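The structure presented is a predicted model; accordingly, all values stated were derived computationally and were not measured. Start at 1 and go down the list; that is how both ligands and their atoms are numbered.
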Amino acid sequence: MKIKRIIMAAAAAMATVAGIAAGHDVKVIAHRGYWTAPGSAQNSIDALAKADSVGCFGSEFDVWMTSDSVLVVDHDGWINGYSVQSTPAEIICAQKLKNGETVPTLEQYFEEALKHPNLRLICEMKVATSRHQESEMAKKICEMAKKFGLEDRIDYITFSRDGMLNLMKYAHKGAEVYFLTGDYVPQQLKHFGAAGADYGIWIFQKYPEWVKEIHDLGMKVNVWTVDDEAGMKWCIDNGVDFITTNYPERFMEIQKTYKPGSK
Ligand code: MG
């Protein structure tokens, strides 16, 4: 038991060092925008604006492509019984969100983003039903980022390995593409050319040594979707780079007062 306690104390000390080394500066990303704010909705234009209004580092959003190849911002890929990929934009973009807005096109989203120049854009390309469509999506998303002059403000994330490779192919030079599915070890991510891992917190808690391994390989660590206090403190203790949360202001408050390793 004594040995176990010593090991646990050493682990806590190492976590503290990791947190201090990171200067407690874990950057906060609003998951699907700051939609938990009153009057907002997931992936709405309002949620993007609200993420900026409270000082988030970035705002995450999800992108699908309609049957007539229009990029739209939505999470589920199904809206009011319509499959986004099998339905034209005219119908999809007429569907209402919970705050009364209609489903935005990526173009509308980027127009709003131009009004918030300090906000980083974390663009999740959803996994399409065909590889061909996924390739087309990646190309069109990257072209639109270029058209709006947003290339330097956008990072890409995806659950699809092919999607990741397509984004790397079409995005601007130096673009950061993160992988979301936690089934690659750090060395594999490096091999693919990813900017880092954007994995669920349970994966990093299972393999906490990956945080250091990823950093040692010159990559970054983003953790999703961390909404509870214990998880937020874990992220600070372990020196991750980014936290993706539905409650960005909750995290900001914790980060202000929490001393790493003291929970
Ligand atoms: Mg997402």
Side-chain angles (χ1 to χ4, degrees), residues 27-37 40-52 56-66 71-79 83-85 92 95 97-99 101 103-106 108-110 112-113 119-129 133-134 137-138 140-142 144-145 150 153-164 166-167 171 175-184 189 194-204 220-227 231 235 240-248 251:
K27 295 183 172 73
V28 63
I29 295 166
H31 182 235
R32 304 177 197 169
Y34 189 10
W35 65 274
T36 55
S40 199
Q42 293 188 7
N43 281 315
S44 64
I45 297 277
D46 176 81
L48 179 73
K50 281 199 164 80
D52 187 36
C56 288
F57 167 78
S59 192
E60 187 261 2
F61 54 94
D62 307 282
V63 178
W64 288 95
M65 191 164 70
T66 62
L71 297 168
V72 296
V73 179
D74 168 69
H75 180 263
D76 296 344
W78 283 87
I79 306 168
S83 155
V84 175
Q85 293 186 94
I92 293 300
Q95 303 306 308
L97 304 179
K98 285 193 172 151
N99 66 345
E101 285 182 37
V103 173
T105 61
L106 184 61
Q108 290 168 327
Y109 219 73
F110 280 174
E112 180 67 23
L119 189 66
R120 193 107 194 132
L121 305 169
I122 318 300
C123 175
E124 180 180 346
M125 185 176 82
K126 301 307 283 189
V127 182
T129 47
Q133 192 178 29
E134 213 161 77
M137 270 173 82
K140 285 174 81 76
I141 290 170
C142 296
M144 195 170 290
L150 290 169
R153 288 180 49 199
I154 195 163
D155 299 322
Y156 297 101
I157 58 176
T158 182
F159 280 98
S160 161
R161 193 191 73 160
D162 284 350
M164 173 172 66
N166 277 317
L167 285 164
E176 296 196 355
V177 184
Y178 295 77
F179 194 54
L180 289 161
T181 312
D183 54 358
Y184 288 127
L189 290 178
D198 187 356
Y199 289 171
I201 187 167
W202 65 94
I203 292 168
F204 282 118
K220 294 178 199 159
V221 174
N222 190 350
V223 188
W224 56 271
T225 300
V226 187
D227 288 344
C235 287
V240 310
D241 301 289
F242 311 99
I243 184 173
T244 301
T245 177
N246 291 308
Y247 298 93
F251 180 71

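Nearest to the Mg ion (ligand 1), among the N, O or S atoms that D62 has, is OD1. Among the heteroatoms counted here (N, O or S) of E60, OE2 is the one nearest to the Mg ion (ligand 1). Nearest N/O/S atom of E124 relative to the Mg ion (ligand 1): this is OE1.
Residues forming a ring-ring contact (aromatic ring centres under 6.0 Å, His included) with W78 (at least two apart in sequence, or on another chain): none. When the ring-ring contact (aromatic ring centres under 6.0 Å, His included) test is applied to Y247, no partner is found at least two apart in sequence or on another chain.
Residue F179 is tested with F159, Y156, Y184 for a ring pair (Phe, Tyr, Trp, His ring centres under 6.0 Å); the sole match is Y184.
Using modelled atom types and a 3.5 Å distance limit, the side chains of H75 and D62 yield no donor-acceptor pair.
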